[in-house]
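Everything on this sheet refers to the single structure shown next.
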There are 2 protein chains.
Amino acid sequence: MRTTTSQAPTVHRSATLQSVAEATGVHRSTVARALDPGQSHRISAEVVERVRAEAQRQGYRRDQIAASLRTGKSRLIGVVIPDLANPAFATMLAAIEDRLAIDGYSMLVADGGGSSGALPIVEELMARRVDGLVLATATRDDPVLTACISAAIPTVLVNRREDALRVTSIAANDVGGMCLAVEHLVSLGHCEIAHVAGPIDMSTGVLRRRGFEDAMRQVNLDPSFVISATEYSRDAGRIAATQLLGRWPQATAIVAGNDLLALGTIQEIKHRGLSCPDDISVIGHNDMPLLDMVAPPLTTIDAEFARMGALAARALVAGIEAARTEPEVILTTPRLILRESTAAR
Amino acid sequence: MRTTTSQAPTVHRSATLQSVAEATGVHRSTVARALDPGQSHRISAEVVERVRAEAQRQGYRRDQIAASLRTGKSRLIGVVIPDLANPAFATMLAAIEDRLAIDGYSMLVADGGGSSGALPIVEELMARRVDGLVLATATRDDPVLTACISAAIPTVLVNRREDALRVTSIAANDVGGMCLAVEHLVSLGHCEIAHVAGPIDMSTGVLRRRGFEDAMRQVNLDPSFVISATEYSRDAGRIAATQLLGRWPQATAIVAGNDLLALGTIQEIKHRGLSCPDDISVIGHNDMPLLDMVAPPLTTIDAEFARMGALAARALVAGIEAARTEPEVILTTPRLILRESTAAR
DNA sequence: CATAGTTGTGCAATCGTTCGCATTGGAGAA
DNA sequence: TTCTCCAATGCGAACGATTGCACAACTATG
C-alpha cells in the first residue's frame with residue numbers, strides 16, 4: 001500500500017462510482033452510500049473505509065451533472081444583474097455568492113443589461129435547470145417574472161419590487177430612505193430641494209420619488225422639482241441635472257435617485273462653475289464603494305447592497321428547501337451616511 | 001388548497017423530447033434532429049414543421065443537464081475572482097460574461113478570496129464538469145493550476161502569470177506599465193520616487209516591482225525605496241505608505257502597485273497633513289471605475305481590465321474548441337491616464 | 001426451533017439527450 | 001424484373017448517480 005499523497009494523484013481519466021466499485025469489489029450503489037455522509041452509517045465500517053480509500057486513490061469526484069439529472073436538483077442559482085460592471089452590484093454579487101456557497105449552491109451569473117432584454121437570459125438559465133433565480137433586473141411589472149412563475153421556479157427580487165406581490169423581494173425601504181435624505185437637507189436649512197429620480201419603470205425610481213414627494217409635503221415644501229433620468233448612470237444624471245438646473249436655477253439642494261446620478265449631478269454643477277456643497281448640496285443613494293474618496297465625499301443613503309444580497313440568497317434557499325413559502329417583502333433600513341457633499345444653507 | 005392559478009398557456013409539467021414525440025407521432029430521436037438546426041435538413045420539411053409547432057405548444061426546452069451528461073460538454077465556464085467586490089474585477093467579469101455569452105457559454109462565478117483558498121472552489125467547479133476555467137486568482141506558482149492541468153481542463157489566467165508557462169495567460173505588460181509611470185514622474189522632475197508594491201506572491205506584485213526597479217535604474221535613480229503591501233486593498237496601502245513615509249520622508253512621488261494601494265497611500269498622505277500632489281505625487285495602476293472623481297483625480301496606468309476579460313474568454317473558448325493550443329502569453333499595452341494626483345516638482 | 005426483525009448489499013429502473021446503426025419505402029440503374 | 005442507393009426515421013445503448021425494493025445472513029424472541 002503506497003499511499004504517498006505527495007505525488008500528484010494518478011491521472012484519473014474519469015473515476016466513476018462504477019470504477020471505484022470494481023476496484024473495491026462491491027456494487028456501485030454501495031459505493032454511493034459509503035461516500036454519502038448521510039448514508040454511510042448503513043454500510044459496514046470496514047467497507048466504508050475500503051471504499052473511501054479507493055475513491056481517494058482514484059481521485060473520485062461525484063459528477064454533479066449526472067446527479068442533477070437523476071435528482072432533478074442542480075444546486076445552481078441563476079443571478080441576473082442589470083449591470084455587472086457597476087460596483088454597487090459587485091458588492092451585492094459578492095454577498096450573494098458568499099451566502100450561497102455556505103448553503104452549497106453555485107452561482108450562474110448573467111448580465112441582464114444587454115439589448116435583447118432579460119427574457120432570453122432567463123430562458124437559458126431555465127434550460128440549465130437552475131434551482132432558483134435572483135433577479136436584480138426586474139421592472140415593476142415584469143414579463144420575465146411571469147415566465148419564472150409559470151415555470152414554477154423559485155425566484156426572489158433584489159433591490160426591486162414588483163407591483164403585484166407574486167414573489168419575495170428584498171429591497172431597501174426606499175421611501176424611508178428618501179425621508180432621511182430630505183430631513184437631513186431640511187435640518188441644514190434647505191428649502192428649494194430638487195430630485196433627480198431614477199427611471200420610472202423601476203421600482204426604486206418610483207418609490208424613491210414617492211418618498212421624496214411625501215417627505216417634502218411632510219415639511220410643507222414644494223415637492224414638484226423632479227426630473228427622471230432615463231437610466232442609472234453618470235451620464236444620465238448629468239443630463240437630468242442639466243435640465244433640472246435650467247428649469248429651477250434656484251435649487252440649493254438635490255437628492256439623487258442613486259449615487260451614479262449624484263455623481264453626474266455633481267459633474268454638471270462643477271461644469272457650471274458652481275460648487276458642491278457651497279452652492280448646491282447633493283445627496284446620493286446606495287453608498288457604493290469609493291464614495292468616501294470622491295470630491296466632495298458624497299453624503300448618501302446606505303441601501304446596504306451587501307446585506308440585501310445576503311438576505312436574498314438566504315430567502316431564496318429557504319424557499320427552495322421548504323416546499324412552499326409565502327411571498328414576502330423584506331426591507332432593509334437605510335441609514336444616512338454623512339459626508340461632505342451637503343452643507344448648511 | 002389547490003387554487004387554480006391564472007394559468008396562462010398550458011402548465012407544462014416538463015416537456016421532453018419524449019412528450020413532444022408522442023404528441024407528434026414520431027420517435028424522440030426524430031424530434032431531436034428536427035429541433036437541431038444542424039440536423040433538421042435531414043428530416044422532411046413537413047415533419048420538422050409539425051415537430052416545431054408541437055414543441056412550441058408544449059413549451060419544450062432542451063434540458064442542458066441531460067445533454068451535458070450525454071455529450072460530456074457542459075458549456076459552462078468557471079470564473080474564479082480574488083475579490084468579487086472589487087470594482088476593477090467587476091469590470092473584467094462583465095467583459096468575460098459578454099464574450100462568453102456570444103459563444104454560447106454560461107459563467108459560473110466564484111470568489112476565491114475566502115480563507116479556505118481557491119482549491120476547494122476549483123474542485124467544486126470541476127465536479128460540475130466545467131468546460132474551462134478562468135483564474136484571476138492564481139499565484140505565481142499555484143497548486144490549483146497544477147490540479148487543473150492534471151485534470152486536463154482548459155484554463156487561462158487573467159491579470160496573472162505563473163512562473164512556469166503551462167497555460168495561456170492574459171495580462172497587462174506590467175513591466176512596461178511601470179516604465180510609463182516612472183517616466184512620467186521623471187518628466188515632472190521627480191527624483192526621490194518610491195514604490196508601494198503589491199503582494200510578492202502575485203505576478204503583478206513582482207512584475208510591477210521589477211518594472212519599477214528597471215525603469216528607475218534606466219534613468220539612474222535609486223530603485224530601493226520599495227515596500228510591499230500584504231494585499232491589494234486600501235488599508236494595506238495605507239499601512240505600507242505609513243512605513244514608507246516613516247523610512248523615507250524625502251520621497252516626492254509614490255508609484256503604487258494598484259489603484260486601491262494608491263488610494264490608501266493618498267489617505268495616509270492627507271492624514272499626515274500633507275497634500276497630494278503638492279507635496280507628494282501618487283500614481284496608481286489599473287484605472288478602476290470612479291477614479292476620475294476621487295480627490296485628487298488619480299493619475300494611473302490603464303491595465304484594460306475589460307479588454308483582458310474579453311481576451312481571456314476568447315482565448316479560453318478557442319482552446320476548448322480547438323483540441324489543443326500552445327500556451328501563450330498575451331499582453332495588453334498599458335496607457336498612462338493623466339489626471340491630477342501627479343504634479344511637477 | 002420457528003418466526004420475526006435487523007443489517008448490509010445487490011439489483012435495476014430511472015433522469016432526458018445524443019448518436020451510431022438498423023430499417024423502411026421508393027427511385028433509378030442494370 | 002432485380003439490385004443498388006438514398007433519404008427519412010426508428011431503435012436502443014450509452015452518460016453516471018440515485019434509490020426503492022429485494023434478499024441473504026444473522027440475531028433476538030417466544
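The sequence lines fix the lettering, A, B, ..., with proteins before strands; numbering per chain opens at 1.
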Practice task
Could you state the atom-to-atom distance from CD1 of A:Ile43 to C1' of C:dG10 in whole Å?
Solution key: 10 Å
Problem - Counterpart residues, side chain to side chain contact (heavy atoms under 4.5 Å, CB included), relative to B:Ala147 (two or more places apart) - result: B:Leu119
Fill in the blank from the handout: Rounded to whole Å, CD of B:Gln18 lies from P of D:dG12 at a distance of 12 Å
Exercise for the section: Sugar-phosphate means primed atoms, P, OP1 and OP2; the rest is base. With that split, encode nucleotides 18-24 of chain D 5' to 3' as B, S or - using protein heavy atoms under 4.0 Å. Expected result: BBB----
Practice task
Find the distance B:Gln64:CD to C:dT17:P and express it as a whole number of Å.
Solution key: 11 Å
Handout entry: Pairwise 5' ranking along DNA chain D for B:Arg129 and B:Thr30, keeping only the more 5' one
Key = B:Thr30
Practice task
Could you check how far NZ of A:Lys73 sits from C1' of C:dT14, rounded to whole Å?
Solution key: 17 Å
Problem - Residues which pass side chain to side chain contact (heavy atoms under 4.5 Å, CB included) with B:Ile149, listed by chain and number, not counting sequence neighbours - result: B:Leu145, B:Arg166, B:Val167
Handout entry: side-chain N/O A:Ser44 vs C:dT9 OP1/OP2, d < 4.0 Å
Key = yes
Handout entry: Interatomic distance where NE2 belongs to B:His41 and C1' belongs to D:dT9 [whole Å]
Key = 14 Å
Handout entry: Non-neighbouring partners of B:His41 that pass side chain to side chain contact (heavy atoms under 4.5 Å, CB included), sequence neighbours left out
Key = none
Practice task
Give the rounded distance in Å between these two atoms: CG of B:Leu69 and P of C:dC15.
Solution key: 14 Å
Completion exercise
Here the distance between atom P of D:dA14 and atom CG of A:Asp63, to the nearest Å, is 18 Å
Completion exercise
With sequence neighbours left out, the residues meeting side chain to side chain contact (heavy atoms under 4.5 Å, CB included) with A:Thr91 are A:Pro289, A:Ala306
Handout entry: side-chain hydrogen bond (donor to acceptor under 3.5 Å, both in side chains) involving B:Asp142 - partner list, sequence neighbours excluded
Key = B:Thr139
Problem - Nucleotide C:dT17, atom C1' - distance to CZ of B:Arg75 in whole Å - result: 15 Å
Problem - Under-4.0 Å salt bridge between B:Asp63 and A:Arg129 - result: yes
